[in-house]
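Take a look at the structure set out below.
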Amino acid sequence: MPEQVPRLLAVFLTASVALVIARSLLVPDTFGDIGHYRAAATDSVVAHQKKYAGHQECALCHGQIQEMRLAGNHRGVRCEVCHGPAANHVSNPLEVKPPAPQDREFCTLCHEYNASRPTGFPQIDPADHNPHVPCIACHEPHAPEPPGMPGDCSACHGQIARQKAVSHHSAVPCTTCHQTPDEHKVNPRSVRPSKPTERDFCGACHAQERLAGIPQIDLTAHNPAYLCWQCHYPHYPGTS
Ligand code: HEC
Ligand code: HEC
Ligand code: HEC
Ligand code: HEC
Ligand code: HEC
Ligand code: HEC
Ligand code: HEC
Ligand code: HEC
């Protein structure tokens with residue numbers, strides 16, 4: 001017999017004995033009772049103290065706030081995200097009061113400009129956006145909105161409006177080219193106005209001989225392979 005065989009056998013034997021000892025000493029008692037788990041784990045998890053109550057609970061006593069939240073922009077942000085775990089408050093509302101976050105730093109956790117957030121998520125630059133005033137002085141935390149809803153397109157699209165005002169299209173109202181639901185002024189990112197999609201749209205005013213007094217082109221001959229606004233900026237159209 002080659003001499004490495006008994007050596008290997010010795011190693012194997014030691015390892016097996018070590019495994020048996022380790023299994024009896026280190027593996028928890030209830031391991032394997034219900035499959036490949038420590039059965040007692042469920043009991044210890046159940047024994048944890050409950051910290052969060054869930055927003056349905058809050059509605060029992062703060063129904064108005066819950067209603068306001070579900071109807072507003074924070075419908076997706078639950079009570080305890082802002083007020084912290086409040087199970088103790090639910091069982092003893094007068095003694096235990098959950099904190100209400102008052103400072104700007106709290107809101108900016110979600111709203112400070114950050115390129116990695118989803119497009120369209122409302123973001124602000126805290127250094128520019130009304131610095132030194134608490135956010136909740138202007139925004140109701142339970143149903144926040146940009147206050148004092150501006151009615152005119154120029155309130156939010158100032159640059160486009162200023163350009164158009166001095167362009168050939170000054171007399172063409174924004175809404176001739178963009179069908180704009182009223183809701184756009186309240187929820188500008190989720191409710192969007194239409195935008196022209198075809199050459200025919202511009203052709204309605206500019207195609208030959210349809211309307212007098214408007215510069216005319218021949219729709220079939222005038223660069224037919226491209227959309228008009230690939231060459232003419234619609235808010236400041238020019239011919240060069
Ligand atoms: C059983 C009724 C009850 C439930 C359920 C309840 N609250 Fe309250 N909550 C109260 C009462 C009562 C007050 C005290 C009102 C007061 O002092 O004017 C209060 C006050 C508060 C305050 C203000 C604390 C302060 O310092 O003024 C916050 C914030 C609050 N609750 C959040 C919550 C949240 C979040 C939940 C859900 C997890 C919740 N509450 C569930 C009864 C309840
Ligand atoms: C986006 C964060 C946020 C969410 C979500 C939120 N709260 Fe608040 N809550 C606040 C802030 C901030 C204040 C302090 C307002 C103040 O001092 O003017 C406050 C104040 C309160 C108060 C004190 C009374 C009042 O109206 O000012 C209660 C009660 C309360 N919240 C309950 C709730 C409940 C219930 C929910 C869920 C339905 C909830 N909050 C969701 C941020 C939040
Ligand atoms: C946990 C993240 C979170 C926190 C904290 C938070 N918000 Fe929001 N906020 C949101 C979400 C989500 C929306 C809805 C975004 C949407 O509709 O696309 C929103 C919407 C808003 C809007 C509406 C903007 C718009 O143009 O529609 C305002 C204003 C706002 N929050 C202010 C606040 C203020 C003030 C605070 C602090 C009291 C705060 N938020 C805290 C997540 C948060
Ligand atoms: C002095 C009042 C005031 C304060 C303070 C204030 N805001 Fe605003 N906020 C506004 C107004 C007005 C608008 C709408 C016009 C605009 O976008 O500038 C707005 C818009 C927003 C929007 C929507 C932006 C978008 O592009 O849709 C968010 C989000 C917001 N604020 C969050 C905050 C947060 C977070 C704070 C605190 C760090 C804060 N605001 C402090 C007045 C205020
Ligand atoms: C409360 C501010 C506000 C007002 C008022 C407003 N808009 Fe907007 N509008 C926005 C915001 C914010 C966006 C999104 C910009 C972005 O995604 O970069 C937008 C986007 C648009 C878009 C682009 C849509 C897209 O899918 O690319 C058009 C077109 C538009 N607005 C037209 C209008 C017209 C026309 C009016 C007036 C009838 C108007 N808006 C009034 C805030 C406003
Ligand atoms: C003559 C038609 C016409 C008029 C008038 C017009 N737009 Fe547009 N607008 C367009 C077209 C076409 C596009 C699409 C451009 C593209 O897809 O590149 C557009 C795009 C936009 C966009 C998307 C962002 C951008 O700059 O491309 C916004 C926002 C917008 N318009 C707002 C306005 C506002 C506000 C007014 C009024 C002040 C206005 N438009 C007037 C034709 C028009
Ligand atoms: C409601 C009618 C109307 C629509 C729709 C319209 N326009 Fe115009 N456009 C005009 C009028 C009116 C003028 C000339 C105003 C003037 O006399 O300066 C003009 C001028 C122009 C000019 C300038 C011509 C020059 O002589 O410099 C260009 C380019 C132009 N439009 C492109 C477009 C494009 C691109 C679209 C589609 C996005 C479009 N227009 C949609 C009415 C319209
Ligand atoms: C490939 C670029 C391009 C495209 C696409 C394009 N144009 Fe032009 N357009 C021009 C140039 C360059 C001129 C000026 C030279 C000329 O008259 O041919 C012009 C001139 C015009 C004029 C002025 C004509 C006059 O007699 O004063 C109007 C109006 C016009 N275009 C509208 C449109 C419309 C509407 C569309 C879409 C159906 C469109 N253009 C597509 C490049 C383009």
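Remember, it's a predicted structure, so these values are computed and weren't measured experimentally. Every number for a ligand or one of its atoms is a count from 1 in the order of the listing.
- Atom 8 (Fe) of ligand 2 lies closest to atom NE2 when only the N/O/S atoms of His83 are considered.
- The option from Pro196, Pro215, Cys228, Ala221 that lies nearest to atom 27 (O) of ligand 8, judged by heavy atoms, is Pro215.
- Counting heavy atoms closer than 4.0 Å to ligand 8, residue His232 contributes side-chain atoms (C-beta onward) but none from N, CA, C or O.
- Judged by the shortest distance from any of its heavy atoms, His55 lies outside the 4.0 Å radius around the atoms of ligand 2.
- The shortest N or O to N or O distance between Thr108 and ligand 4 is not below 3.5 Å.
- At a heavy-atom cutoff of 4.0 Å, ligand 8 is contacted by no atom of Ile214, backbone or side chain.
- The side chain of Ile124, and not its backbone, has at least one atom closer than 4.0 Å to an atom of ligand 4 (non-hydrogen atoms only; side chain from C-beta on).
- The N, O or S atom of His142 with the smallest distance to atom 8 (Fe) of ligand 2 is NE2.
- Counting atoms of ligand 2 from 1 in the listed order, those under 4.0 Å from a heavy atom of Cys58 are 35 (C).
- For residue Cys135, no N/O/S atom approaches atom 8 (Fe) of ligand 4 to within less than 2.8 Å.
- In the vicinity of Cys138, heavy-atom distances shorter than 4.0 Å reach the ligand 4 atoms 1 (C), 2 (C), 3 (C), 4 (C), 5 (C), 42 (C), 43 (C).
- Ligand 2 places these atoms under 4.0 Å from at least one heavy atom of His74: 1 (C).
- One option in His222, Gln230, His206 has a heavy atom closer to atom 19 (C) of ligand 8 than any other, and that option is His222.
- Interface of His62 with ligand 2, defined as ligand atoms under 4.0 Å from a residue heavy atom, comprises 29 (C), 35 (C).
- In this structure, atom 9 (N) of ligand 2 is in close contact with the protein, since a protein heavy atom lies within 4.0 Å of it.
- Side-chain atoms of His139 and Glu145 form no donor-acceptor pair, as typed in the model, at a separation below 3.5 Å.
- Distance check for His139 against atom 8 (Fe) of ligand 4: an N/O/S atom falls below 2.8 Å.
- Taking a distance limit of 4.0 Å, we find that atom 25 (C) of ligand 2 is approached by no protein heavy atom.
- Proximity of Arg189 to ligand 4 is established by a heavy-atom distance of less than 4.0 Å.
- Heavy-atom contacts of Ala100 reach the following atoms of ligand 2: 13 (C), 14 (C), 19 (C) (cutoff under 4.0 Å).
- For Phe121 and His111, the distance between ring centers is under 6.0 angstrom.
- Ligand 2 lies within reach of Ile136, whose nearest heavy atom is under 4.0 Å from it.
- Considering Pro144, Gly76, Cys82 only, the shortest heavy-atom separation from atom 43 (C) of ligand 2 involves Cys82.
- Polar contact check, His111 against ligand 4: no nitrogen or oxygen pair lies under 3.5 Å apart.
- The N/O atoms of Gln66, backbone and side chain alike, include none that comes under 3.5 Å of an N/O atom in ligand 2.
- Less than 4.0 angstrom separates some heavy atom of Arg78 from each of these atoms of ligand 2: 5 (C).
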